[in-house]
Amino acid sequence: MKIYNFEDDPLAAVPNVDEQYMMEALKLAKRAAEEDEIPIGAIVVANGKIIGKGYNLTEKLNDVTAHAEMQAFTAAANFLGGKYLRDCTLYVTIEPCVMCAGASYWTQISKIVYGAKDIKRGYSVIQDKIIHPKTTIVSGVLEKECAELMTSFFRQKR
């Protein structure tokens with residue numbers, strides 16, 4: 001017996017892989033906001049597994065380098081036992097700054113997926129060539145949600 005369902009495709013609501021991982025990064029960004037940190041979250045994924053997580057800790061650690069991406073890079077490198085993150089993907093809610101883009105260059109990460117552009121301090125404002133030439137860039141994944149978290153955080157600060 002074959003059953004037909006004429007309603008909307010139930011799989012249409014299932015997010016793609018990039019969106020699923022970006023949702024994990026958004027959870028970390030929300031945690032940062034709860035701790036009164038700039039709400040940016042990042043994860044590093046290898047072979048379908050999250051191997052590094054991070055969110056901004058610049059206030060807590062009183063360290064301007066304690067960005068979400070840097071935390072995730074360090075955790076992933078420790079997990080792998082080496083400094084290179086080839087065959088890994090960074091998911092970050094906001095476009096990486098120049099420092100984090102430079103660090104991504106040295107990790108030789110294969111792919112960076114980010115949510116919303118940072119039109120004031122994102123790496124692309126300065127120069128696109130700071131990313132490793134073999135790194136693939138995907139932008140705009142859950143852009144609205146990522147941007148809204150940042151906007152609401154700073155709206156509350158003012």
Side-chain angles (χ1 to χ4, degrees), residues 16-154 157:
N16 68 32
V17 172
D18 285 347
E19 289 176 349
Q20 288 176 354
Y21 286 125
M22 189 61 73
M23 285 187 229
E24 293 301 315
L26 268 167
K27 288 178 188 175
L28 292 166
K30 290 174 183 173
R31 184 170 172 191
E34 290 167 2
E35 295 181 23
D36 207 29
E37 295 279 355
I38 294 176
I40 299 175
I43 63 170
V44 175
V45 175
N47 298 317
K49 181 178 179 181
I50 297 172
I51 62 167
K53 296 180 180 183
Y55 60 90
N56 271 10
L57 292 171
T58 57
E59 298 300 321
K60 183 177 184 177
L61 299 178
N62 197 28
D63 179 357
V64 296
T65 68
H67 289 195
E69 301 94 323
M70 303 298 268
Q71 304 301 316
F73 289 153
T74 299
N78 286 335
F79 178 86
L80 294 174
K83 61 186 178 181
Y84 296 116
L85 302 179
R86 296 181 193 110
D87 301 320
C88 295
T89 300
L90 170 71
Y91 291 87
V92 61
T93 56
I94 302 296
E95 175 186 6
C97 70
V98 174
M99 174 185 69
C100 294
S104 77
Y105 181 95
W106 293 109
T107 69
Q108 298 181 19
I109 199 154
S110 297
K111 184 177 177 183
I112 297 173
V113 178
Y114 67 85
K117 263 190 133 11
D118 183 345
I119 59 171
K120 293 182 180 178
R121 293 187 179 90
Y123 77 89
S124 63
V125 172
I126 308 298
Q127 185 181 42
D128 277 335
K129 295 187 186 335
I130 198 163
I131 300 290
H132 195 279
K134 292 183 180 178
T135 300
T136 302
I137 304 293
V138 176
S139 63
V141 175
L142 298 181
E143 181 175 17
K144 181 181 174 188
E145 294 88 339
C146 295
E148 177 55 34
L149 186 58
M150 287 288 280
T151 301
S152 65
F153 177 81
F154 284 108
K157 290 287 183 191

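Numbers for residues simply follow the sequence, beginning at 1. Since the model is a prediction, treat every value here as computed from it, not as a measurement.
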With heavy-atom distances below 4.5 Å as the criterion, would you say the side chains of [X] and [Y] are in contact?
| X | Y | answer |
| --- | --- | --- |
| Leu149 | Phe154 | no |
| Pro39 | Asn56 | no |
| Cys100 | Leu90 | no |
| Met99 | Met70 | yes |
| Ile112 | Thr135 | yes |
| Lys49 | Phe79 | yes |
| Leu85 | Leu80 | yes |
| His67 | Ile38 | no |

What distance separates [X] [atom1] from [Y] [atom2], expressed to the nearest 0.5 Å?
| X | Y | atom1 | atom2 | result |
| --- | --- | --- | --- | --- |
| Phe73 | Trp106 | CZ | CH2 | 13.5 Å |
| Thr58 | Glu37 | OG1 | CD | 4.5 Å |
| Lys83 | Gln108 | NZ | CD | 9.0 Å |
| Ser110 | His132 | OG | NE2 | 9.5 Å |
| Glu35 | Leu57 | CD | CG | 7.0 Å |
| Lys53 | Tyr91 | NZ | OH | 14.5 Å |

So, for [X] and [Y], which heavy atoms are closest and what is the spacing to 0.1 Å?
| X | Y | value |
| --- | --- | --- |
| Ala42 | Ala72 | O-CB, 3.9 Å |
| Gly41 | Leu28 | CA-CB, 3.9 Å |
| Ile94 | Glu69 | O-OE2, 4.1 Å |

Indicate yes or no for a side-chain donor-acceptor contact from Thr93 to the backbone of Cys146 under 3.5 Å, with no hydrogens or angles considered.
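It does not hold such a pair.
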Quick check against the 3.5 Å criterion: does Thr151 have a side-chain atom that pairs as donor or acceptor with the backbone of Glu148?
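No: the side chain of Thr151 does not pair with the backbone of Glu148.
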Going by atom types alone, do Tyr114 and Glu143 pair a side-chain donor with an acceptor below 3.5 Å?
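Note: Tyr114 and Glu143 side chains miss the donor-acceptor criterion.
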Could Lys30 and Glu34 be called an ion pair, given the rule that one side-chain N must be under 4.0 Å from one carboxylate O?
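No.
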Test log, rule side-chain contact (heavy atoms from CB on, under 4.5 Å), inputs Glu59 and Asp36
CA-CA 8 Å; Glu59 298 300 321; Asp36 207 29; over 6 Å; no
In this structure, which one of Val113, Val141, Val45, Asn16 forms a side-chain contact (heavy atoms from CB on, under 4.5 Å) with Tyr21?
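Checked Val113, Val141, Val45, Asn16 against Tyr21; only one passes side-chain contact (heavy atoms from CB on, under 4.5 Å): Val45.
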Would you mind telling me which of Val92, Ile43, Leu142, Val138 makes a side-chain contact (heavy atoms from CB on, under 4.5 Å) with Met22?
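That would be Leu142.
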List the steps, then state whether side-chain contact (heavy atoms from CB on, under 4.5 Å) holds for Cys88 with Ile51.
CA-CA 9 Å; Cys88 295; Ile51 62 167; 4.0 Å; yes
